[in-house]
Asker: 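I have a structure I would like to understand better, so I am pasting it below and will then ask my questions one at a time.
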Amino acid sequence: MANGFDDLFQQLATINEEIVSLNAELVLQAERLKIIEEERAEGGSAGGDSSGADEGGEEEEERVAGAPVCWDDLEEGERAARWAEFVAWVIWMADRYEVTNDQIPRQCWWQHGAVVEELTALWTSHQSAYAQGEDAGSAPYLWQDALARAIERIGRLWVGTCRNGQHRDRHREQWDGDEKYLAEILAAAPAPAPAEESTTAKSGGEGGGSADPPGEEPGDDDTPPDSE
């Protein structure tokens with residue numbers, strides 16, 4: 001009986017840890033969003049007093065600390081600059097937290113798109129967590145929790161069989177670039193919902209009098225004939 005209770009308590013403890021972890025992530029994301037909105041508001045009000053650009057038409061925009069980065073949306077020059085910052089941060093993080101090759105493969109992490117996206121999110125959220133803000137006191141601690149879960153997820157899901165300093169492509173089919181595959185999916189678009197049935201039966205008396213019951217001629221009624 002004791003073993004049964006021990007197993008139950010262990011399962012409950014695991015569920016509680018997951019709930020705490022999810023709640024921590026939500027709090028961290030909320031704090032990040034608040035910081036970004038406040039900094040954008042400050043930048044907008046400052047821009048109202050000046051043109052924000054010099055006479056040559058050159059616009060100077062500073063990236064808000066913690067703002068999301070989507071690599072596909074960046075211009076070539078900005079992408080190169082951001083990538084250099086990102087790589088420097090990844091190297092710092094890996095050495096600071098003593099990341100092993102089993103967790104993030106040093107020899108090929110940048111060749112895995114999912115790993116790049118995970119680390120990019122960690123990079124921007126780290127900037128946000130350590131940015132100056134009124135309610136940012138718990139953000140650094142919450143970021144540590146996000147880091148631990150992300151590293152575990154990278155090693156378990158995204159790096160495939162890259163081990164012992166060797167990169168190996170994951171065995172999978174490419175989704176993009178197959179026109180026949182795309183055409184088949186587009187042709188399978190959900191059909192429109194069937195039209196609702198006519199409500200004529202419900203509104204048959206709108207013309208004035210009520211409809212006669214089936215089998216009766218107009219004017220028929222149940223009044224017996226007069227007897228003389």
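Fair warning: this is a prediction, and the values are worked out from it, not measured in the lab.
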Asker: Counting C-beta onward and ignoring hydrogens, is there a side-chain heavy-atom pair between Gln127 and Leu122 closer than 4.5 Å?
Answerer: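 Side chain of Gln127 against side chain of Leu122, heavy atoms only: no contact under 4.5 Å found.
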
Asker: Using a 4.5 Å cut-off on heavy atoms from C-beta on, say whether the side chain of Trp123 contacts that of Glu85.
Answerer: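 Yes; the side chains approach each other to less than 4.5 Å.
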
Asker: Looking only at atom types and distance, does a side-chain atom of Arg106 sit under 3.5 Å from a main-chain N or O of Asn101, one as donor and one as acceptor?
Answerer: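 No: the side chain of Arg106 does not pair with the backbone of Asn101.
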
Asker: State, yes or no, whether a side-chain contact exists between Trp92 and His126 at a heavy-atom distance under 4.5 Å.
Answerer: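 Counting from C-beta outward, Trp92 and His126 do come under 4.5 Å.
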
Asker: The test is side chain to side chain contact (heavy atoms under 4.5 Å, CB included); show your working for Leu119 and Ile104 and say whether it passes.
Answerer: CA-CA 10 Å; Leu119 293 176; Ile104 301 178; 3.9 Å; yes

Asker: CD1 of Ile91 to CE of Met93: how many Å apart, nearest 0.5 Å?
Answerer: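 Reported to 0.5 Å precision, the distance equals 10.5 Å.
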
Asker: Donor-acceptor pair, Thr120 side chain versus Val116 backbone, under 3.5 Å?
Answerer: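 Answer holds: yes.
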
Asker: For the atom pair CD1 (Ile151) and OG1 (Thr100), what is the distance rounded to the nearest 0.5 Å?
Answerer: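 Those atoms lie 8.5 Å apart.
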
Asker: Just to verify, what does Trp71 make a ring pair (Phe, Tyr, Trp, His ring centres under 6.0 Å) with, not counting sequence neighbours?
Answerer: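 Checked Trp71 against ring pair (Phe, Tyr, Trp, His ring centres under 6.0 Å); matches are Trp83, Phe86.
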
Asker: Any chance you could lay out the salt bridge (charged side-chain N to carboxylate O under 4.0 Å, His left out) test for Glu75 and Arg79, step after step, and finish with the verdict?
Answerer: CA-CA 6 Å; Glu75 298 293 337; Arg79 185 186 302 114; over 6 Å; no

Asker: When rounded to the nearest 0.5 angstrom, what is the spacing between CG in Asp145 and OG in Ser138?
Answerer: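 Asp145 atom CG to Ser138 atom OG measures 11.5 Å (nearest 0.5 Å).
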
Asker: Are there more than 12 heavy atoms of other residues, nucleotides or ligands under 6.0 Å from atom OH of Tyr141?
Answerer: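 No - once you tally the heavy atoms of other residues, nucleotides and ligands closer than 6.0 Å, there are 12 at most.
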
Asker: Tell me yes or no: between the side chains of Tyr97 and Gln103, is some donor less than 3.5 Å from an acceptor?
Answerer: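 No, no side-chain donor-acceptor pair sits under 3.5 Å.
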
Asker: Establish whether Leu186 and Tyr181 are linked, either directly or via other cluster members, by ILVMFWY side-chain heavy-atom contacts under 4.5 Å.
Answerer: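 The answer is no; the residues belong to distinct hydrophobic clusters.
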
Asker: Do the side chain of Gln144 and the main chain of Pro140 share a donor and acceptor less than 3.5 angstrom apart?
Answerer: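 Yes, Gln144 side chain to Pro140 backbone: donor-acceptor pair under 3.5 Å.
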
Asker: If you group Ile, Leu, Val, Met, Phe, Trp and Tyr by side-chain heavy-atom gaps below 4.5 Å, do Leu147 and Tyr130 land in one group?
Answerer: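 Unlinked, Leu147 and Tyr130 end up in two clusters.
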
Asker: Flag the pair Glu184 and Lys180 as a salt bridge only when some basic side-chain nitrogen lies within less than 4.0 angstrom of an acidic carboxylate oxygen.
Answerer: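 No, this pair does not count.
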
Asker: Report the distance from atom CD1 of Ile185 to atom CH2 of Trp175, rounding to the nearest 0.5 Å.
Answerer: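 Reported value, rounded in 0.5 Å steps: 7.5 Å.
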
